[in-house]
Amino acid sequence: MEILDGKAFAIKYRSALKEKIDILNKNYGVTPGLAVVLVGEDPASQIYVRNKIKACDELGIKSFTVRLDESVSQEEVERVVKDLASNPEVDGLFVQLPMPKKFNAESILKHIPTEKDIDGLCAENLGKLLSGQKCLVSCTPNGIIELLKGYGVEFSGKQAVVIGRSNMVGKPISALLLNENCTVTTCHSKTQNLPFYTKNADIIVCAIGRANYLTADMVKDGAIVVDVGINRVDGKIYGDVDFENVKDKCSYITPVPGGVGPMTITMLMHNCFVACLRNRGINEF
Ligand code: NAP
């Protein structure tokens, strides 16, 4: 069994990215810009945003952060997003999700232009991903593929089971695994007899948001298990996988924390860099 150390891999990935950003800055006088809009006081969102700004600082990406009180109106949030979207210094823009329930997130996200959509969540980027075209790919799924490739995992012909079908994780990781020539089954809360699928899987990606849900009896020997879940229980963080009991059956497994999470932020930075090159017509790199 080998642990897929997302934290260590992300450090290496970011250092290579930083070298490219330094060259971009030196040769073209360009600094990539990333804007984030955070609405409300959700403690987990505050931590995520802080970590993303810290990653920008480390890599030489200029960050623009707008924090708004939950009492602001839908129109005010939309105006802020539109302003950032039209700022030429902003190459990538995202709204930290989930937003407080009173907002219509969909109509706010509509104001993020496709070429600045570094979360890869807009319909055009999701559509391009499905049709195998170049696009900004959703960060968590992209980070999973990069991490597995970094450990030399072969995809072609493998049976992959994705548990979860959200637009942010389940659907795009299913599309990416299919693009890598896996045979993909996407499961969800209405799936009957989930263990039937997981027990036959070479690769399992679990993205449901339920602590320790995937247990050892659901996993075949030698499987690769990727745990996306982040579940806070009594102040402690758990993944969706019963790590202690599942790990010995696996060839590879991601821990929580320190697996998928660090790769997600890294791919956000990567997407901002890619968006910067495309938005400013730079073909080097
Ligand atoms: P989500 O939008 O709530 O979607 C959860 C999915 O899981 C849904 O498709 C749901 O099915 C399915 N599901 C729920 N219970 C199930 C069950 N018992 N059996 C099978 N499927 C079940 O969540 P998400 O945004 O995809 O996130 C999933 C988890 O990953 C969360 O814990 C989140 O915090 C974490 N996450 C981590 C990162 C990271 O960087 N590590 C990034 C994003 C998300 P239905 O569609 O039928 O309801």
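We count ligands from 1, going down the list as the structure has it; atoms in each ligand are counted the same way. Since we're looking at a predicted model, the values are computed, not measured.
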Starting from the C-alpha separation in whole Å, work towards a yes-or-no answer on side-chain contact (heavy atoms from CB on, under 4.5 Å) for C56 and M269.
CA-CA 7 Å; C56 284; M269 302 297 126; 3.8 Å; yes
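Of all the heavy atoms of T140, the ones lying under 4.0 Å from any atom of ligand 1 belong exclusively to the side chain.
Taking the charged nitrogens against the carboxylate oxygens, R278 and E115 have no contact shorter than 4.0 Å, which rules out a salt bridge. Residues D22 and K26 are not paired through a salt bridge, judged by the lack of any N-O separation under 4.0 Å between the basic side chain and the carboxylate. Taking 4.0 Å as the cut-off between side-chain N and carboxylate O, D217 and K199 do not count as a salt-bridged pair. At a threshold of 4.0 Å, the pair E180-K149 counts as salt-bridged, since one of the basic side-chain nitrogens sits closer than that to a carboxylate oxygen.
Of the candidates L268, L97, V226, I208, I208 brings a heavy atom nearest to atom 12 (C) of ligand 1. Among V260, V228, N231, I237, the residue whose heavy atom lies closest to atom 36 (N) of ligand 1 is V228. Which of I230, L194, D240 comes nearest to atom 32 (O) of ligand 1 through a heavy atom is settled by distance: it is I230.
Nearest protein heavy-atom contact of atom 15 (N) of ligand 1 is R210 NE, 3.3 Å. Scanning the protein for heavy atoms near atom 29 (C) of ligand 1, the closest one is G209 N, 3.7 Å. For atom 17 (C) of ligand 1, the nearest non-hydrogen atom of the protein is Y213 OH, 3.9 Å. Summary of contacts: the protein heavy atom closest to atom 46 (O) of ligand 1 is R165 NE, 2.7 Å. For atom 39 (C) of ligand 1, the closest non-hydrogen atom on the protein side is T264 OG1, 3.7 Å. Looking only at protein heavy atoms, the nearest one to atom 10 (C) of ligand 1 is S189 N, 4.2 Å. For atom 2 (O) of ligand 1, the closest non-hydrogen atom on the protein side is S166 CB, 3.4 Å. In terms of protein heavy-atom proximity, atom 44 (C) of ligand 1 is closest to V169 CG2, 4.0 Å.
Of all atoms in ligand 1, listed by their number and element, those nearer than 4.0 Å to a heavy atom of I163 are 20 (C), 21 (N). Within ligand 1, counting atoms from 1 as listed, the ones closer than 4.0 Å to a heavy atom of G261 are 40 (O), 41 (N).
Taking the six-membered ring where tryptophan is involved, the planes of Y252 and Y151 are perpendicular, since the angle between them exceeds 60° and thus also 30°.
With 3.5 Å as the limit, one finds a donor-acceptor pair spanning the side chains of K52 and Q96. Donor-acceptor pairing under 3.5 Å is lacking for the side chains of Y197 and Q159. Under 3.5 Å, the side chains of D240 and N231 contain a donor-acceptor pair of N or O atoms. Side chains of T186 and R165: a donor-acceptor N/O pair is absent below 3.5 angstrom, by distance only.
Not one N or O of K190 is nearer than 3.5 Å to an N or O of ligand 1, by distance alone.
Heavy-atom distances between A207 and ligand 1 reach below 4.0 Å in at least one pair. Distances shorter than 4.0 angstrom do not occur between any heavy atom of G170 and any atom of ligand 1. Note on ligand 1: T191 sits outside its first shell, no heavy atom being nearer than 4.0 Å.
Hydrophobic cluster membership differs between L136 and L129, with clusters built from Ile, Leu, Val, Met, Phe, Trp and Tyr side chains linked at under 4.5 angstrom.
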